[in-house]
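Below, each value reflects all heavy atoms present in this structure, side chains not excepted, and no hydrogens, waters or symmetry copies. Remember, it's a predicted structure, so these values are computed and weren't measured experimentally.
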Amino acid sequence: MARTLRLRDGPPQGPHGCRHRPGPLFRIRLRVRHRTPLDDRRRGSGPPVLHGKRRPLPAQPELSDLTPMDYRDTVLLPRTSFPMRAELPKREPLLLERWRRENLYEQILRARSAGPRFILHDGPPFANGDAHLGHALNKTLKDLVLKSRNMMGFFAPYIPGWDCHGLPIETKVVKESFVRVPGSLIPIKELPSGEFLEAKVELPGGAPIPKGEVHAGEEGIKADDKGFQYERHGPLYIRRKCAEYAQRYVEIQREQFERLGIFGDWEHPYRTMDPAYEAEVLLLFADLVEKGLVFEGLRPVFWSIGCRTALAEAEVEYQPQIDPAIDVEFPLLPESCREVGISEDARLLIWTTTPWTLPANLAVALNPELPYGLYSARGRHLLVAEARAHAIPGLENAPCVRHFPRGEELLGLRYRHPLLPRTGLVYGASFVTGESGTGFVHIAPGHGMEDYLLGQEHGLPPLSPVDDEGRFTEECGLPELVGLSVREEGNPKIIELLESAGFLWAKRDYEHDYPHCWRSKTPIIFRSVRQWFIDVKAFQQEALRAIEEVEWLPARARNRIRGAVESRRDWCVSRQRYWGIPLPVFYRPDGSAVLEPEAIRKLAREVAKEGTDLWYATDEEALARKLGLPAGLRKGADTLDVWIDSGSSHAAVLRPRGEFPADLYLEGSDQHRGWFQSSLLLSVARSGQAPYRTVLTNGFVMDLDGRKLSKMAGARGLPEFISQFGADIVRLWVASEDYRDDVPFSQEILSRISDTYRLLRNSFRILLANLHDFDPSRNRVSEEDFPELERYMADRLRILVRTVVEAYRRYEFPAACHALTRFCSTELSAFYIDVLKDRLYCDAADGTARRASQTLLHRMAESLFRLAAPILPFTAEEAWEALGKKASVHLELFPEEAAPKSDPPFAERWTRILELRALSNEALEVSRRAKEIGKALEAEVEVQTPHFDSADEELLAEVFLVSRVRVRRGESPAVRVRPASGRQCARCWKYSEEVGKTDPAHPALCPRCTGVVQANRSRS
RNA sequence: GGGCCUGUAGCUCAGUUGGUUAGAGCAUGCGCUUGAUAAGCGCAGGGUCACUGGUUCGAGCCCAGUCAGGCCCA
């Protein structure tokens, strides 16, 4: 089917050329060849049945006047091998293959090696899962930046990276490692010791496997009571599986990114699990240790029960959840009541949505500034904030029996714990507000950050009677709770205990957003455990200063990062997992820690050779010796937070390549709290300097309703969209969106983008097609000899080049897209090309005006294809090749940004011409509706204007696309249309009185066409 | 609940320091062409500038609030 379309394309291209195929093609060709203006003439004059809407044409010649000659063969119609249909999904992989074969990326770098450097440092995506539209957006934006910078003459390398360590991968690996056992799937089992058991199928004829208990530290195969056999694995096994998993996804994503047409050193990406990378992370960590920025502390951290590890802020996500919200009465000691002069049965009322933290309660906080009151209800006397009384169930209408204008007066009251035999004090805290709860906040320093800080202030320990599994320990003091899971079992039990003890005032369900583990999706708890921290406060001010020296785009991003750094707490960097860089600490027998910068550096040197498996593979004795540490130490089991890994990339990637600091980081806006911050903090902590000069952010991909695109839809999207539409369409979508805000995506948008793509492609095509007989080395006309139309359009081109290059420079890709599309549709297609058709098709091949037009068309093609190359790398390359270029368009520089020629009278003249053209089009449309004319050539136009005279008639007719223009001097511009007089030239279809008067052999031709045909004939 | 943002035709975007009837491309409709033809050309319709108030001679733009959406945080 598609082959018929190539009929008018250039000569056959290889074995698929159409001329080898007879049959239907031939028939169509015949029909086309015989359709001449004659046919139209007959149709035009035929009965209404054939062409009823049209009135007979004016100046109808007699049939006998016509020659049978087919002038169509003497017309220079457009021809090109550049097909109208893109078939991107088929064509793009071929170009990728060619680029790979020619090592295009290296060629580009070599070509720019002398240029100024532009370093965009890639933020590493997790090597986990398929690439989705979010990735496509970010990676394509990076590529737009780099391709355009490259074409501005910069040396702009791209080293893609992947984040390989961490929970996301470790949990996936554990979850996915199923083993098929007859009749069921048995997952890898994690033991409390943190080691793993993998179920095995017994091999036929295999040696019998001993039954028995599996003991910690023991490798080997055992069978359990039910006959399943397990293989015991240590950390090295899990780490190997994780590395394989990560590598698999590095390759999958690499292929998907490459398919998008993104240029980079795909053969040598950086991976955070590379030994050299790991070594640099350890060296950076050693520097922080040396500066005293790393400490061990017992304090509340986000604890994921599902993943049995501490989490960083960035690993926590908030999801709606229903919790029991309870108001609990805390009885005051009688002596306290006497002190403030209230009845001795008075109680404080506290409100909490985490009843399970009550066993760890050590204090109560109030706001010293707020007024409080003692209310009487249900036979009780309760203290609450006055602002809250009306909102507390059962207190809505309770009389206030005693006012305390300032909470201050209640500081130091002592209460009895409602469930435990201990007492606590009331402290002041500014974080208590009158906007929720009761105005009294129960304080458990082991279970909340604010609580912890208040506890520090008053010497309260971070009591945290909860174990790694999220179950109460004996420390909680309530035997009936020990072993219960805090949320599922502990909450109801505690409510029950409170109720039976008579301290539960009210209870209801409460829906709120609650932090969840980003991996296991389970609710996290705040729990105090011994963890390692980076003392962010120590360099927070320096970090804030560094922020001011960085350019943030858009500018509002500065607020975001500032807010993130200002509210930053100490960074919990230890993780109780295997898949990561080991936290290089040793412990003495008494439990004290040994964290030695020099030992860490020695470790780094070893790791650079062998990778961090070394830490796990070497026994403690030997490892300590190797690192120059005394004997008798136990090595730590924690790994470093993955945000340390990725946040160290400036040290591991930029520094060794001499590219620190980077010119640009470009990531999604969520990275203000993520990678932008972790990178900044680590860089400032080490060297006092931000790792980037400019930070550019992109928003998120949103679906039609402006809602967040579901991960599923997005993940399904990318490879599917590329294989359906092609990478250039996806890229055009990215380039035409204002990425600084959220980026909408929908079926309609994609369909509009495809329209735009077709428009650009057809514009490229018509440029190429009209250059089929143009050889720039022989046929070029210099600009001084241009007709004025060409001089005008040459300026339009210069303006376009400046606009687009400037848009690229400012990373404003939608502006570049719009300028390109507007130029192609409005200036090229609807104006210049349309006007040029007569000249290009009908003038003598070597006519000066024709060659001048082609000179400009050629320059336009060279400019447009290069300007479009960053956005449409495949299509631009294809067009560039069709223009006869041997080397890749991506090796080119942008066209020179010459200033438009400043000639105000000339510019004004053309503004007037275009205004008159618009008037003429309007008038032509009226005649067309009145069925007086069809196409514009059937008309002649009378123009009344003060600005032009009869010398301009030819130019105006050309620009209006009509057969003739008559100018009449007159004040107000006006246009009148009438059917053209004279006869229609059979070759150029223009009407003129001169048709047939030049050469009796060509009675149907105008003088121009006669001349051309005569010249052709005498040449052949 | 808090911080930082966004909201202009069906879609994607312009809209200068506040200043005439708010623009472009695409899409839509109606024509034309059949020598760019799974194309091309012309004309037309389409906007309460999210909403409500305010400042001003004058507001898409400045201020306050409301609604919707996003990211981050609690």
**Report entry** From C43(B), U12(B), C5(B), nucleotide with atom closest to His818(A) side chain
**Finding:** U12(B)

Requested in this report: Could you tell me which nucleotide pairs with U20(B) by Watson-Crick or G-U wobble geometry, both distances under 3.5 Å, or answer none if nothing does?
Outcome: none

Query raised in the report: Where the side chain of Arg562(A) meets the backbone of Leu544(A), is there a donor-acceptor pair that is under 3.5 Å apart?
Result: no

Query - Option from Leu916(A), Asp834(A), Ile913(A) for which side chain to side chain contact (heavy atoms under 4.5 Å, CB included) with Val959(A) holds - result: Ile913(A)

Query raised in the report: OP1, OP2 of G40(B) versus side-chain N and O of Lys837(A): anything below 4.0 Å?
Result: no

Query - Rounded distance (Å) that lies between atom C1' of C72(B) and atom CD of Glu667(A) - result: 16 Å

**Report entry** Separation of G7(B) P from Glu737(A) CD (nearest whole Å)
**Finding:** 14 Å

Query raised in the report: Say you pick atom C1' in G7(B) and the same atom in U66(B); how far apart are they, in whole Å?
Result: 14 Å

Report task. Please state how far atom CD in Gln671(A) lies from atom P in G70(B), giving the value in whole angstrom units. Result -> 19 Å

Query raised in the report: Taking the six-membered ring for Trp, are Trp552(A) and Phe676(A) parallel (under 30°), tilted (30 to 60°) or perpendicular (over 60°)?
Result: perpendicular

Report summary line: C4(B) -> Watson-Crick or G-U wobble partner, both distances under 3.5 Å, gives G70(B)

Query raised in the report: Nearest-Å distance, CD (Glu812(A)) to P (A24(B))?
Result: 21 Å

Report summary line: Checking U12(B), A27(B), G25(B) against the side chain of Thr821(A) (C-beta onward), the nearest is G25(B)

Report task. Classify the nucleic acid contact of Pro744(A) as base, sugar-phosphate or nothing, counting any heavy atom under 4.0 Å across all strands shown. Result -> sugar-phosphate

Query raised in the report: Contact class for Cys817(A) (heavy atom, under 4.0 Å): base, sugar-phosphate, or nothing?
Result: nothing

Query raised in the report: Paired with G58(B): which nucleotide, if any, by Watson-Crick or G-U wobble criteria at under 3.5 Å for both distances?
Result: none

**Report entry** Distance, P atom - from G47(B) to G10(B), rounded to whole angstrom
**Finding:** 8 Å

Report task. Give a yes or no on whether the ring-centroid distance for Phe721(A) and Phe745(A) is below 6.0 angstrom. Result -> yes

Requested in this report: Quick one: look up who C11(B) pairs with, Watson-Crick or G-U, both distances under 3.5 Å, and put none if it's unpaired.
Outcome: G25(B)

Query - Met702(A), nearest nucleotide to its side chain (from G42(B), C26(B), G70(B)) - result: G70(B)

Query raised in the report: Quantified in whole Å, what is the P atom distance between nucleotide U21(B) and nucleotide C49(B)?
Result: 14 Å

Query raised in the report: Hey, does the side chain of Arg72(A) come within less than 4.0 Å of G35(B)'s phosphate (OP1/OP2), counting only N and O?
Result: yes

Query raised in the report: Reckon Ala830(A) touches a base, only the sugar-phosphate, or nothing at all at heavy-atom distances under 4.0 Å?
Result: sugar-phosphate

Query - Polar pair under 3.5 Å, donor/acceptor by atom type, side chain Thr80(A), base A36(B) - result: no

Query raised in the report: Just how far, in rounded Å, is C1' of A38(B) from CE of Met84(A)?
Result: 7 Å

Report summary line: Paired to C49(B) by Watson-Crick or G-U wobble criteria (both distances under 3.5 Å) is none

Report task. Compare the minimum distances between each of A36(B), G35(B), C26(B) and the side chain of Asp755(A), then state the nucleotide with the smallest one. Result -> C26(B)

**Report entry** Distance-only donor-acceptor test (3.5 Å): side chain Arg822(A), base A24(B)
**Finding:** no

Query raised in the report: If we take the C1' atom in both A14(B) and A24(B), what is their distance in whole Å?
Result: 7 Å

**Report entry** Between G2(B) and G19(B) - C1' atom distance, rounded Å
**Finding:** 39 Å

Report summary line: Checking C30(B), C5(B), G40(B) against the side chain of Arg929(A) (C-beta onward), the nearest is C30(B)

**Report entry** Residue met sooner reading RNA chain B from 5', once Val743(A) and Ile766(A) are mapped to nucleotides
**Finding:** Val743(A)

**Report entry** side-chain N/O Arg758(A) vs A36(B) OP1/OP2, d < 4.0 Å
**Finding:** no

Requested in this report: Select base, sugar-phosphate, or nothing to describe what Asn762(A) touches, counting heavy atoms under 4.0 Å on all strands.
Outcome: base

Requested in this report: Could you measure between the two C1' atoms, the one in C62(B) and the one in U16(B), and give it in whole Å?
Outcome: 16 Å

Report task. Look at the side-chain N and O atoms of Ser669(A) and state whether any lies under 4.0 Å from the OP1 or OP2 oxygen of G70(B). Result -> no

Report task. Kindly point out which of A27(B), U33(B), C71(B) is positioned nearest to the side chain of Phe700(A)? Result -> C71(B)

Query raised in the report: Above 12 or not: heavy atoms from other molecules or residues under 6.0 Å from CZ of Arg809(A)?
Result: yes

Query raised in the report: What nucleic acid atoms does Arg556(A) come within less than 4.0 Å of, heavy atoms only: base, sugar-phosphate, or nothing?
Result: sugar-phosphate

Query raised in the report: Do the ring centers of Tyr510(A) and Trp351(A) come within less than 6.0 Å of each other?
Result: yes

Query - Criterion side chain to side chain contact (heavy atoms under 4.5 Å, CB included) on Arg758(A) and Met84(A), from CA distance to verdict - result: CA-CA 8 Å; Arg758(A) 254 175 262 132; Met84(A) 183 176 312; over 6 Å; no

Query raised in the report: Quick one: which of C72(B), G70(B), G31(B) gets closest to the side chain of Asp742(A)?
Result: G70(B)

Report task. Using the P atom on both, measure U6(B) against U17(B) and round to a whole Å. Result -> 16 Å

Report task. Measure the distance from CG on Leu800(A) to C1' on G25(B) and round it to the nearest whole Å. Result -> 14 Å

Query raised in the report: Out of C32(B), C73(B), C13(B), which has the shortest distance to the side chain of Lys931(A)?
Result: C32(B)

Query raised in the report: Got a salt bridge between Arg1008(A) and Asp838(A), using NZ or NE/NH1/NH2 to carboxylate O under 4.0 Å?
Result: yes

**Report entry** Side-chain N or O of Ser829(A) closer than 4.0 Å to phosphate OP1/OP2 of C41(B)
**Finding:** yes

Query raised in the report: If each of Tyr841(A) and Thr826(A) is mapped to the nucleotide of RNA chain B with the nearest heavy atom, which maps nearer the 5' terminus, i.e. the 5' end?
Result: Thr826(A)

**Report entry** Short side-chain N/O contact from Asn559(A) to OP1 or OP2 of G3(B), under 4.0 Å
**Finding:** no

Query raised in the report: Does Tyr71(A) place a side-chain N or O at less than 4.0 Å from the phosphate oxygens OP1/OP2 of G35(B)?
Result: no

Query raised in the report: When you compare A64(B) with U48(B), how far apart are their P atoms, in angstrom units rounded to a whole number?
Result: 26 Å

Report task. Using a strict cut-off of less than 4.0 Å between a Lys/Arg side-chain nitrogen and an Asp/Glu carboxylate oxygen, indicate whether Glu551(A) and Arg558(A) qualify as a salt bridge. Result -> no

**Report entry** Pair of N/O donor and acceptor under 3.5 Å linking C5(B) base with Arg560(A) side chain
**Finding:** no

Requested in this report: Find the partner of C32(B): check Watson-Crick (N1-N3 plus N6-O4 or O6-N4) and G-U wobble (N1-O2, O6-N3) distances, both under 3.5 Å, and reply none if neither fits.
Outcome: G40(B)

Report task. In whole angstrom, give the distance that lies between atom CG of Asp838(A) and atom P of G35(B). Result -> 15 Å

**Report entry** Minimum-distance nucleotide (side-chain atoms of Arg85(A) versus A38(B), C11(B), G42(B))
**Finding:** A38(B)

Report task. Please report, rounded to the nearest Å, how far the P atom of G25(B) is from the CD1 atom of Ile753(A). Result -> 16 Å

**Report entry** Among C43(B), U12(B), A39(B), the one nearest Glu925(A) by side-chain distance
**Finding:** C43(B)

Query raised in the report: Using 30° and 60° as the class limits, which term best fits the ring planes of Trp675(A) and Tyr665(A): parallel, tilted or perpendicular?
Result: parallel

